[in-house]
Amino acid sequence: MVSKEKQRNLDLRYLRMARIWAENSYCQRRKVGALVVKDGMIISDGYNGTPSGFENICEDENNVTKPYVLHAEANAITKLARSNNNSDGATIYITASPCIECAKLIIQAGFKRVVYGEQYRLTDGIDLLKRAGIETIYINPDEE
């Protein structure tokens, strides 16, 4: 069993890694990254962006995010679905708190923990995760 202090340090490191991974996003308005960790290993990753094969432009001419842009969590979960691994009991590290749609995916995918580094103005995703009994942890890496 990992001590609380060691787990906190690991959580911070993975969140910082998710931030770096977010830099891969072509989105201009907001770059979000996600890492899936299970049994001490990163088993999937994702960042927000358009579906595979689409142009790497997330916003329209009015700087509004296109409706088909995938969130970082959805990309990480669907990438995992195409692998030989699964997210049962895993932790997902996200640079921003998940929306309600991603929260539903996180619940259905069997995650046990969600660690996020930025509070979003809407809390419905976090509220749903808590209702489902998933441990949710907010850590601001800039304050640590």
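By convention here, the first residue in the shown sequence is residue 1. Model, not experiment: these values are computed from the prediction.
Although no hydrogens or angles enter the test, the distance criterion places no donor-acceptor pair under 3.5 Å between the side chain of E73 and the main chain of I106. Between the side chain of S25 and the main chain of N48, a donor-acceptor pair closer than 3.5 Å is present. At least one donor-acceptor pair under 3.5 Å links the side chain of S97 to the backbone N or O of Y120. When atom types are taken as modelled, the side chain of S87 and the backbone of A109 share a donor-acceptor pair closer than 3.5 angstrom. The main-chain N or O of V64 is never found under 3.5 Å from a side-chain atom of N62 such that the two would form a donor-acceptor pair. Between the side chain of T50 and the main chain of E55, a donor-acceptor pair closer than 3.5 Å is present.
Q108 CD: 12 or fewer foreign heavy atoms inside a 6.0 Å radius.
Under the rule for a side-chain hydrogen bond (donor to acceptor under 3.5 Å, both in side chains), K112 has no partner lying at least two apart in sequence or in another chain. With sequence neighbours excluded, the residues satisfying ring-ring contact (aromatic ring centres under 6.0 Å, His included) with Y138 are Y116. Taking the disulfide (SG to SG under 2.5 Å) definition, one finds that C99 meets it with nothing, sequence neighbours left out.
Note on R8 versus E5: no salt bridge recorded, every NZ/NE/NH1/NH2 to OD/OE distance being 4.0 Å or above.
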Step-by-step side chain to side chain donor-acceptor pair (under 3.5 Å) determination, D11 to Y93: CA-CA 8 Å; D11 288 346; Y93 294 88; 2.6 Å; yes

